[in-house]
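Contents: one structure, followed by commentary.
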Amino acid sequence: MTEPKHLYLVDGSGYIFRAYHSLPPMTRTDGTPVNAVYGFTAMLMKLLADMDADHLAVIFDKARVSFRNEIYPLYKAQRPPPPEDLIPQFPLIREAVRAFNVPCIERDGFEADDLIATYAKRARAEGAIVTVVSSDKDLMQLVGEGVALFDPMKNRAIGPAEVFEKFGVAPDKVIDVQALAGDAVDNVPGVPGIGVKTAAQLIGEYGDLETLLARAAEIKQPKRRQSLLDHAEAARISLQLVRLRDDVEVSETLADFATAEPDAEVLAGFLAENGFRSLLARVTAVAHAKAGTTPQPAAAPADDDYVLVNTLAELGVWIAKARAAGLVAIDTETDSLKARRATLVGVSLAITPGRACYIPFAHGLRKAEGLDFDGAAPPVANIEDKAAALALLGDLLRDPGVLKVGHNLKFDLHVLANAGLSDVAPVDDTMVLSYVLDGTLHGHGMDELAGLHLGRRTITFEEVCGKGKGQITFDQVPLDKAVAYAAEDADVTLRLYLLLRDRLLKEHMVRVHETLDRPMVRILTDMEAAGVRVDALRLKALSGDFAKRMGDLEDQIHALAGHAFNVASPKQLGEVLFEEMSLTGGKKSRKTGAWSTDAQVLDQLAAEGHDLPARVLDWRQYAKLKGTYTDALVAEIDERTGRVHTTYGLTVTATGRLSSNDPNLQNIPVRSEAGRKIREAFIAAPGHLLISADYSQIELRLVAHVAGITALRQAFAEGKDIHAITASQVFGVPVEGMDPMVRRQAKAINFGIIYGISAHGLAQQLGVGRPEAAAFITAYFARFPEIRSYMETVKEEARTVGWVATPFGRRIPIPGIQDKNPAARAFAERQAINAPIQGGAADIIKRAMIALPPALEQAGLATRMLLQVHDELIFEAPEAEAETAAALVKRVMETAVTLTDDQGERTVPLEVDTGIAASWAEAH
DNA sequence: GATCTCACG
DNA sequence: GACGTACGTGAGATCG
């Protein structure tokens with residue numbers, strides 16, 4: 001006789017809420033909340049370790065609406081929606097289940113409990129015994145021969161005795177008791193005045209609910225009798241609500257739930273991606289134990305060979321090996337996150353996977369100063385003859401026959417340049433490779449990629465240097481730890497490079513990487529190093545001016561309110577406007593219920609003649625300009641160069657654009673008069689001028705190109721005013737003598753097209769009714785019919801392959817396109833429409849940026865490229881050559897790419913406007 | 001750390 | 001008929 005099969009059915013939804021409420025908020029490095037994911041994963045791991053089952057499935061509730069709502073619409077109706085920070089965790093939790101290779105079940109229209117009842121019944125029919133894992137009392141009705149309940153919360157089994165203890169009846173009568181007693185939480189009505197105690201007593205006496213209702217007239221207590229007579233129907237409905245369906249049509253059989261070992265890589269990848277280090281360590285320990293191998297710390301597999309190099313002879317050997325291989329992965333360690341002002345503390349190199357070295361240059365120096373080692377050996381052993389070592393390293397870094405690969409190499413290039421090692425070439429960057437391949441599907445930090453692709457948990461910087469106040473700089477790290485950390489980074493970089501380069505080929509992304517993103521590493525490094533001159537005195541003067549205006553406005557605002565309050569607090573402002581002053585037209589945000597006080601709301605109130613909101617708008621403008629620009633920019637001026645140096649993000653945006661941070665120089669004010677004053681402080685070095693060169697209407701040109709809109713193409717080819725042409729087509733008015741308001745509306749429609757138009761969005765932008773906006777769109781589609789098929793095609797593309805592409809082949813994942821939430825799907829569709837356009841424009845300016853520095857140099861010009869603002873480039877030119885340089889820049893930008901159709905014919909020309917002046921404000 | 005607001009293309 | 005809205009970023013101030 002064989003043992004009966006044993007099936008575990010886990011109530012996944014119950015697990016989720018318990019995990020969520022029992023753990024403090026936790027977030028992943030990308031900000032995604034994961035406390036419930038963590039708790040759920042930990043509980044699932046514990047269950048897998050403890051249980052004796054050979055079959056297992058986790059069951060989830062799918063939607064908030066089930067067949068019970070058809071019986072009784074109020075069922076579970078007053079239940080609050082799940083907390084905001086729990087919602088993004090639901091899909092991750094399903095991913096967790098799959099990562100453990102456990103079946104993950106849900107079905108529309110049914111609650112998890114119904115599915116559990118169904119599978120339990122089927123498994124019993126196949127002779128298996130069943131354990132239902134849940135703390136939910138509603139599942140107690142299933143307890144019986146071969147079906148037990150296990151409460152993971154109290155860690156105890158629940159059999160008939162425990163059910164009787166809870167409901168005062170046997171399991172098969174539980175639903176009769178529940179139907180009578182009702183349930184306030186789930187909105188099961190029950191019979192008023194009857195609780196579990198009374199219900200159990202009545203069912204004990206009459207046998208079941210139907211008999212009780214039929215004989216209700218016999219009951220002695222008058223109130224109870226009347227309530228039963230009055231609410232018999234409610235009791236019957238309640239019975240239907242609490243009785244679990246065990247006849248759901250399901251396709252899975254018991255065999256489908258047979259337990260199987262998880263794929264170690266998938267599981268490790270999931271745990272690493274979510275930052276669950278302790279769980280990852282436990283999993284690897286278990287895997288080693290099962291394989292009979294000695295558990296190794298996951299961070300340092302036994303076959304990794306990381307060594308310290310501190311003699312010139314040893315360094316020479318590594319450099320010779322790198323030359324022979326033609327490839328070396330490199331990583332620098334420093335004492336600061338600000339690459340341009342960081343000191344080179346050490347360098348690590350890797351040439352073959354699993355082997356790497358670390359060369360310390362500046363460990364322990366500061367601490368050793370003034371210390372007397374009493375003749376003993378110094379506590380650190382930096383490389384001997386630092387200058388000679390740097391020279392050797394420099395030769396390798398400049399060797400055209402050796403590819404240098406880094407992760408976020410821009411950072412290392414700054415550090416090396418600071419140490420006197422410049423002109424590093426050729427180079428490649430694993431962070432950029434990862435971005436080209438996967439876009440924003442995941443982050444591109446080394447730790448994350450190591451977990452994802454190598455199933456490996458790397459030593460983190462925090463583990464080596466600590467965090468918060470007690471954090472030390474890398475030069476203070478003992479050498480053994482420094483070697484383990486730094487050498488691993490070079491090793492991981494090399495391994496990632498080999499893996500991602502392979503994927504690049506297989507996934508046909510070589511061209512995008514080679515012609516667009518890889519060359520940008522060098523270009524951006526140079527732009528960041530160049531910086532831009534900013535007139536500190538002028539900004540300080542502006543700051544004082546803004547402060548005074550703010551002070552005056554604040555006084556007026558307080559006087560109008562009748563009391564002082566913090567104008568910068570949207571909360572306090574909302575209360576003043578909409579509660580104290582009882583102004584109408586306020587909106588409360590759906591999420592927090594707070595009054596909205598954004599510019600749109602305040603504008604409306606100001607237009608109605610209210611003074612206070614108008615003053616707040618002014619105050620806000622000055623507060624923004626002062627806080628974000630004048631004060632912040634002055635603080636960002638590098639004292640050594642007298643200039644401001646941004647950092648460009650090459651692997652940040654969804655579409656292929658750059659981003660700019662610390663400080664962001666891509667959002668310097670220009671739209672308002674006061675804002676433009678800040679641009680006046682961006683100036684050229686003495687004897688120089690700034691050149692601004694911006695693509696005219698580049699995104700609309702891309703629309704005309706990708707959507708094949710003949711009329712628009714022709715208008716661009718003829719150099720027409722594109723918004724006026726649009727207005728004339730859509731509204732049927734002549735271009736000559738056109739009302740500027742009509743042109744303005746057409747311009748908004750054109751922007752709408754770029755953004756993946758919606759009637760609501762356009763209506764809001766134009767301040768017209770939605771039907772009117774919808775009519776505009778209809779008219780636009782009628783005049784430019786190609787746009788409609790473009791939109792359909794691109795959405796279809798996104799649906800079938802999960803991504804869309806720019807005209808140059810860059811892939812942009814659209815993960816939400818299959819979302820079952822219509823709003824989320826519509827959002828993804830607009831992204832799909834916009835991405836090839838925004839991304840195509842980003843590709844074009846990258847091509848220009850790559851072509852420009854060599855073009856300028858070949859022309860014998862000393863003009864330098866300083867800034868990029870999506871469709872604009874800023875250069876600094878010696879006065880004497882500015883005109884020549886501007887002409888060259890214009891030509892190179894306009895010819896950076898040629899947009900052609902299938903026949904190789906140009907579709908739309910590119911046009912660049914240039915300006916030359918002493919300040920950015922005037923040049924633009 | 002989340003939220004709101006606002007600067008840019 | 002409901003969903004929840006124009007696309008893409010980064011930063012500062014408030015507040016729990």
Side-chain angles (χ1 to χ4, degrees), chain A residues 24-27 31 33 65 84-85 440 566-574 589-602 616-617 620-629 631-633 636 646-649 652-672 674-676 678-679 694-695 697-699 703 748-766 770 773 777 812 814 819-839 841-842 845 867-872 924:
Chain A
M26 299 162 56
T27 53
V65 176
E84 278 299 318
D85 62 331
T440 44
N566 185 352
V567 183
S569 166
K571 187 167 169 274
Q572 293 177 33
L573 177 62
S589 82
R590 258 181 63 77
K591 258 195 209 162
T592 60
W595 291 106
S596 170
T597 65
D598 63 20
Q600 203 194 329
V601 171
L602 298 188
V616 171
L617 280 169
R620 283 224 181 121
Q621 186 190 183
Y622 294 121
K624 178 78 177 179
L625 295 177
K626 181 173 186 295
T628 309
Y629 299 103
D631 292 349
L633 277 173
E636 288 282 352
T646 184
T647 301
Y648 287 102
V652 175
T653 69
T655 55
R657 272 191 178 181
L658 301 180
S659 72
S660 159
N661 62 53
D662 290 307
N664 184 353
L665 295 185
Q666 289 183 322
N667 69 347
I668 301 303
V670 68
R671 292 175 187 169
S672 76
R676 274 194 293 278
I678 290 164
R679 258 180 206 228
D694 67 283
Y695 281 108
Q697 309 283 8
I698 189 165
E699 293 195 343
V703 170
I749 297 174
N750 279 331
F751 272 104
I753 295 295
I754 292 168
Y755 295 153
I757 203 151
S758 74
H760 188 276
L762 182 62
Q764 183 139 337
Q765 182 62 35
L766 287 178
R770 197 178 146 137
I777 296 171
I812 297 156
I814 310 287
D819 204 303
K820 63 178 172 39
N821 176 342
R825 206 167 51 242
F827 179 44
E829 288 174 352
R830 294 194 297 271
Q831 290 176 317
I833 291 164
N834 172 261
I837 299 163
Q838 188 183 118
I845 199 166
L867 301 175
Q868 190 251 39
V869 193
H870 309 308
D871 64 358
E872 175 186 14
H924 183 70

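Every value quoted in this text rests on a predicted model; they were computed, and no experiment measured them. Residue numbers begin at 1 in each chain, while the letters A, B, ... track the order of the sequences.
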Using a cut-off of 4.0 Å on non-hydrogen atoms, how would the nucleic acid contact of A/Ser659 be classed: base, sugar-phosphate, or nothing?
sugar-phosphate
From NE2 of A/His870 across to P of C/dG10 the rounded distance in Å is 9 Å
For A/Ile668, which contact category applies under a 4.0 Å heavy-atom criterion: base, sugar-phosphate, or nothing?
sugar-phosphate
Starting at CG of A/Leu573 and ending at C1' of C/dC15, how long is that distance when rounded to a whole Å?
15 Å
Pick the nucleotide of DNA chain C nearest each of A/Asp662 and A/Pro822; which residue has the one closer to the 5' end?
A/Pro822
Would you say the side-chain atoms of A/Gln666 and A/Ser660 include a donor-acceptor pair closer than 3.5 Å?
no
Any donor-acceptor pair under 3.5 Å from A/Arg825 side chain to A/Asp819 backbone
yes
Does the side chain of A/Arg620 get closer than 4.0 angstrom to OP1 or OP2 of B/dC6 through an N or O atom?
yes
Between A/Thr655 and C/dC7, does any side-chain N or O lie under 4.0 Å from OP1 or OP2?
no
Distance, rounded to the nearest Å, where A/Leu658 contributes CG and C/dG10 contributes C1'
14 Å
Do side-chain atoms of A/Tyr629 reach the backbone of A/Arg679 as a donor and acceptor pair under 3.5 angstrom?
no
Could you tell me whether A/Gly756 contacts a base, only the sugar-phosphate backbone, or nothing, with contacts defined as non-hydrogen atoms closer than 4.0 Å?
nothing
My understanding is that a pair needs two contacts under 3.5 Å, Watson-Crick or G-U wobble. By that rule, which nucleotide pairs with C/dT14?
B/dA2
How many whole angstroms separate atom CD of A/Gln697 from atom P of B/dG9?
13 Å
Looking only at atom types and distance, does a side-chain atom of A/Thr646 sit under 3.5 Å from a main-chain N or O of A/Asp662, one as donor and one as acceptor?
no
What integer number of Å spans the P atoms of B/dC8 and C/dC3?
34 Å
Quick one: is B/dC8 close enough that its OP1 or OP2 comes under 4.0 Å of any side-chain N or O from A/Arg671?
yes
For B/dA7, does OP1 or OP2 lie under 4.0 Å from any side-chain N or O of A/Gln666?
no
Does any non-hydrogen side-chain atom of A/Gln621 lie less than 4.5 Å from one of A/Leu617?
no
Scan A/Asn667 against the nucleic acid and name what it touches under 4.0 Å (heavy atoms): base, sugar-phosphate only, or nothing.
base
Whole angstrom value for the distance that separates P of C/dT5 from CG of A/Asn834
17 Å
So A/Ala748, base contact, sugar-phosphate only, or nothing? Heavy-atom distance under 4.0 Å.
base
Considering only atom P, compute the distance from B/dT3 to C/dT5 and round it to an integer number of Å.
14 Å
On a whole-Å scale, what distance lies between the P atoms belonging to B/dC4 and C/dG4?
15 Å
Taking only the side-chain nitrogens and oxygens of A/Lys624, find out if one of them lies under 4.0 Å from OP1 or OP2 of C/dA11.
no
Determine the contact category for A/Ile754: base if any of its heavy atoms lies under 4.0 Å from a base atom, sugar-phosphate if only primed atoms, P, OP1 or OP2 are that close, otherwise nothing.
nothing
May I have the distance from A/Gln572 (atom CD) to C/dG16 (atom P), rounded to whole angstrom?
10 Å
